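Report on the structure given below.
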Amino acid sequence: MQEQYRTVARAGVHESEINRSRFLCSLAPAATEEEAQDFVARVRKEHPTASHNCFAYVIGADASVQKASDDGEPGGTAGVPMLQMLMRREMRYVVAVVTRYYGGVKLGAGGLIRAYGGVVGEALDALGTLTRQRFRLATIHVDHQRAGKLENDLRATGRDVREVRYAEAVTMDIGLPDGDVEAFTAWLADTTAGTATLELGGEAYGDATA
């Protein structure tokens, strides 16, 4: 698994006008290829009279799924430069649709490539990006006596506390960067006088802390 990846911070639309053609770049996060395709279909439905609705998406932290479409523009002048911009910016789990309303001035192949790639870059700048970090999921088991202070200490040190459950003992689900597991295990033993236990689980991605 990748240690981290970048994705778009939120869904949104950015518009540019180039030689009287309107270019609207709709961007959105997409967890699966199906989500990306659904987003493309929605944008096409919103702009049925557009000259073109070209798209590109990248799914997977390792960019395992990459698709692009020129939607009638000359081959390689729309979807590919859009995809290249997403890859150059190291974007993952993201879908981009560029809707073009033709303004009567031909841009030529080079102009189209610059326009489609450029508007995706502008949209990323306008909407913002965020980094997602790979975490090891872990569960702490601790007695009631120490639970309150431990939870406070975890939050005070910026740990990713996901859930706290109170039963006979207290369990706390947290996320740990892989490289921190050994140091955290030692810190936990020291903080709770060896009474807490740490159970390591699977892996997931969460927002990286600055």
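Model, not experiment: these values are computed from the prediction.
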| request: Consider only side-chain N and O atoms of S51 and R100, and report whether a donor and an acceptor are under 3.5 Å apart. | output: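 Side-chain D/A pair, S51 to R100: absent.
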| message | Can you see whether T131 engages R6 through a side-chain donor-acceptor pair at a distance of less than 3.5 angstrom? | response | no
Take a 6.0 Å sphere around [atom1] of [X] and say whether it holds more than 12 heavy atoms from other residues, nucleotides or ligands.
X    : atom1 : result
E90  : CD    : no
R136 : CZ    : yes
E168 : CD    : no

Name all residues meeting the side chain to side chain donor-acceptor pair (under 3.5 Å) criterion together with [X]; count only those two or more places apart in sequence or in a different chain, and write none if there are none.
X    : value
T139 : D173
R155 : E151
E122 : H14, S16
Q37  : Y57

Please give me the minimum heavy-atom distance between [X] and [Y], naming the atom from each residue.
X    : Y    : answer
E73  : C54  : CG-SG, 4.0 Å
R132 : L130 : CD-CD1, 3.6 Å
P29  : A11  : CD-N, 4.0 Å
C25  : A96  : SG-CB, 4.4 Å
A30  : V95  : CB-CG1, 4.1 Å
F39  : A28  : CE1-CB, 3.6 Å

Give, for atom [atom1] of [X] and atom [atom2] of [Y], the distance between the pair rounded to the nearest 0.5 Å.
X    : Y    : atom1 : atom2 : value
K149 : N152 : NZ    : CG    : 8.5 Å
H141 : T171 : NE2   : OG1   : 6.5 Å
E46  : N53  : CD    : CG    : 9.5 Å
I113 : Q84  : CD1   : CD    : 8.0 Å

Linking directly or through intermediates, with side-chain heavy atoms under 4.5 Å: list the remaining ILVMFWY members grouped with [X], chain and number order.
X    : value
M172 : I140, V142, L150, L154, V161, V164, Y166, V170, I174, L176, V181, F184, W187, L188, L198, L200
M87  : V8, I18, F23, L27, V58, M82, L83, M85, L86, M91, V94, V98, L107, L112, Y116, V119, V120, L124, L127
Y101 : V13, L24

Can you name the residues that form a salt bridge (charged side-chain N to carboxylate O under 4.0 Å, His left out) with [X], not counting sequence neighbours?
X    : value
E199 : none
E33  : K67
R146 : D143
R44  : D71

| request: State, yes or no, whether a side-chain contact exists between R10 and T129 at a heavy-atom distance under 4.5 Å. | output: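 A side-chain contact is absent here, since even the closest heavy-atom pair is not under 4.5 Å.
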| said: Tell me which pairs pass salt bridge (Lys or Arg N to Asp or Glu O under 4.0 Å) where either residue lies in residues 11-27, with sequence neighbours left out. | reply: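 Listed by first then second residue: E15-R22.
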| query | Salt bridge or not for D38 and R42, using N-O below 4.0 Å? | reply | no
